[in-house]
Amino acid sequence: MHIYNCHTHVFNLDCAPDRFLNGIGRGWFGKAGARLLQLILAFPLAKNWTLRLANRFPFARKYAAFLNIGSDLSPLIIFEKHLLPAYPAGTRFVVLPINFDLMGAGTATLNQESQLWQLLDLRRRYPNTCLPFVSIDPRRGSAAENLAFLLRWVERGFVGIKLYPGLGFYPFDERLDLVYQYAEAHGLPIMTHCTRGGIFYRGPITDDLRSPARPDGLRELYGLPYPLRITTVKETNDNFCDFFLDPRAYELVLARFPNLKICLAHYGGSSEIDQSTAANLPTTAPENWYESIRWLMMRYPHVYTDVSFTLAEKRLFTRLAADLAADSPFRERILFGTDFFMTTQVKNEAKLAVELMEHLVSEINAPDAWWQLANSNPVRYLQSSVYTPIELFGQLNPYQPSGSLQMGTA
Amino acid sequence: MSLTPVLEVAISLSLLYLFFSQVVSSIFEWFAGQLNLRGNYLRRSLNKALNSGQDKNWAELVYRHPSVDMLAQKSNRPPTYIPSSVFVKAIIDLVTDEARTHQFLPRLDANSQPTGDSEYQVMPPMAGGLPLSPLQQFKEGLNRVSEGDFKALMRTQLFNAEGCDKPMDETAVFNQLIHGTAVWYDNYMERVAGWYKRAIRKYLLLTGLLVAALFNLDSLRVSSYLWTHTAARQRIIAYAEEVARDTTARTVMRLTPIAPPADVQAARTTLRHYQHRVDSLTSALQELSFPIGWSLQLPLDSTTLPPVFLVKQAARTVMLPQLAKATSSTKPTAIQPAADAALPAPGATAQPTTQPGNPNVTNAAAGVATAATTGAASQLVPTLTTPAAERPSALGTTINTASTQAVPKSVSWQQPEHYVRYQRVSRDTTVNGLMLTRVFWQKSKLPIDSVANAPQLQKLVQTAPRNWWNSLKDGAQHLYQQFDRWTLLGWLLTAVALSFGAPFWFELLNRFVNMRSVGLRPPTATPTPDKEPS
């Protein structure tokens, strides 16, 4: 059996737009700052000191991680140098691009098309182990144009769709309808970012973003009337982007495409898991993102989540183990992923998988839970009309989705 | 007013700029090589030309194409130049690739059963089961390229290749397409070279300013000095004519900046080469009477030294306070006013108290000594009143006729321990018919024991070397004293001039020398007719 890491990134600094690192220093720390850091990172001693210093500050950690590995020359080198050696031979990696073109942070050396071209080149070299997804942004064009774009790359060997709503769009954008329709019909897996923070939209918050058009025509979202505003804390792009990422937005999508195979990544984020107190799931989508994802998983048969980044927090292992227990309704819906290389500053990539596996195998004596997480669930998630995992070759009856879980069984 | 002195000053300045602009170019080329400015500029220019909107970054894809990638010395340093043939091949391959079919098919075993592995297959665009011709493949690929600047450019190239008067076969059109694209690329590279020259002007200016400050190349000071010193000007003009007569090949070879080094060792060698070149150039120009460079020698007031003192030569280098400073430079700089003729070291001279070019002030560089201001200097009979022009060796070098014996420079490690006794001695003498009081130091060696056993001798031992901070302060103050309010402007003018480059100054020098040789064209009675409008 092979391990499937369903959540990795291999893009480098060439793919990041000019103002990608503007989070530090409010504007002055742009690409020039990044280049300066790159120069520093070229010297091993200076690199060690800089990374050690960055690790002391949570806000700098992700930048340090990005610069540490992202400053490598190409996705191919990142893949070969940092990712492959951390896993046993034969491990499959879902490689996720991110479309930075429309995030309002300037232009990148390599735009989305070129980033995808690089991933295609990666798959040419590693046809069995590299499974690239194509990133879709509805603002790229009309619904038909977005579908055409998807088809062009699917024909070339891309096996899934990556959405990153935090970069400035809502998942229920009507320009994604044809993409969802195609994905549902062909079992094409979708991976979407679903945790607070991360990379966020840097452009102006326009009226369209404050009053998005819902498929059902209602003029409210998450119980808040239009125009949407952050009232509890000072409104910034960072926290406004939570409107884009909220798992409850997918209810509007899944209501129309109930068989959509979609993974809401990161399990809502560790902070949401910590704050979750509900013993039983409510009848309506809860505010807590972790609970909201579980609510969607209970409601729709092909909703998944993954443990990427979350698995870096060892204190959450018990909860994950409980969800992977034999009697858990979520056992078949959780995927293994690490969010490489965002997690490298927290823990070594090889250590991430090993620690979780050891916990599942040794401490709770559930080796099957590990393989459920790392193999069975990903195989089911990735299977589509364009890609058949090796485990399903020769099966006359390919995977059929299990029946919808009933509410309140958790 | 005769224009000859103006021309001569201009020639002298051109010569100075010619030499140092070569230094500036070489230094800049070294830095440009280290930072790969040329390669990065080419990359940005190609990005500007080929990228637009949401289309692929064609320029970056070209750089990642194996045929171009292999031109780079290191993988993170883009090549400084891409030949048009390589560029065109990469572009056409990338466009054609748009039409190719890329598939990841299940790999089959001997029984035609899938093994579970995927296999990458790339197929050219086909028609009727046969692959299309290269031109048709290119057209297919171009059709699939997103609309943008790149597609428009390639469409134009294709249109030009097909748009000949007589119909051509596909091979000829394809060859014409390759040729046309190569011509476009070469033309664009010419423009990029021009843009690059303009873009680096500011860096050259900055380098020029650094060089001007480092070597004290003050255009105003040099002009002023040369304007008032005919003899110095004449010497420079003679040399400038020699340079102008030099064969073009030799001069061009000399003016060519040193190529940027490939590795660290080569870089060090090159740096040493530059250092040697600049040092020798500065010295040579100083010998030609150019008032450039810094005087690193501190003024020495010999009255502060006792008439008799001892210096111990020990395992540690002993630098006698003022004398040590006096030995910090082995060569006197161009303008060294010999105000204090009592200085014991040949290179140790006092500060200039005069401005070159001011006829009312005695010019020390020309060998005219003023009344000494120090006690020791009062022993000098100030009778040196010979004009500078009549003293052939005086120009540009310090005439310190009163110094005949060097004081200790330093005591080296290897010498056995002993004391050296210095005693100031004055003696009247006649030099070139001039009456002088010569002041010099008599030196004798004393064994350690003799001093150790004689308390009266121990009092004479100089044992308190100045600390480094005071030495630094004195040095800084001394450098500051060589400043005046116009110095910065003089440097700026020099920096601007140096940024024009050696070929410019070589050409200008030639013109000036020719003009001086044949004279200015006299005004004609009939004015030159205006050019007729074309």
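With a 4.5 angstrom heavy-atom cutoff, A/I77 does not touch chain B via any of its atoms. Looking at B/L105, neither its backbone nor its side chain comes within 4.5 Å of chain A, counting heavy atoms on both sides.
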Chain A to chain B donor-acceptor contacts, backbone plus side chain, under 3.5 Å:
unit_1: A/D14; atom_1: OD2; unit_2: B/R64; atom_2: NH2; d: 3.0
unit_1: A/T109; atom_1: O; unit_2: B/N57; atom_2: ND2; d: 3.4
unit_1: A/N111; atom_1: N; unit_2: B/N57; atom_2: OD1; d: 2.4
unit_1: A/N111; atom_1: ND2; unit_2: B/D55; atom_2: O; d: 2.4
unit_1: A/S114; atom_1: OG; unit_2: B/N57; atom_2: N; d: 2.8
unit_1: A/S114; atom_1: OG; unit_2: B/N57; atom_2: OD1; d: 2.8
unit_1: A/R124; atom_1: NE; unit_2: B/Y120; atom_2: OH; d: 2.9
unit_1: A/R124; atom_1: NH2; unit_2: B/H102; atom_2: ND1; d: 3.3
unit_1: A/N128; atom_1: OD1; unit_2: B/S118; atom_2: N; d: 2.3

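The shortest side-chain heavy-atom distance between A/V386 and B/F104 does not fall under the 4.5 Å cut-off.
Evaluation of the ring pair (Phe, Tyr, Trp, His ring centres under 6.0 Å) rule for A/F133 yields no partner, not counting sequence neighbours. By the side-chain contact (heavy atoms from CB on, under 4.5 Å) test, A/A105 is found to be paired with A/P17, A/R19, A/M103, A/R202, residues two or more places apart in sequence or in another chain being considered. For the ring pair (Phe, Tyr, Trp, His ring centres under 6.0 Å) test, residues two or more places apart in sequence or in another chain that qualify with A/Y87 are A/F93.
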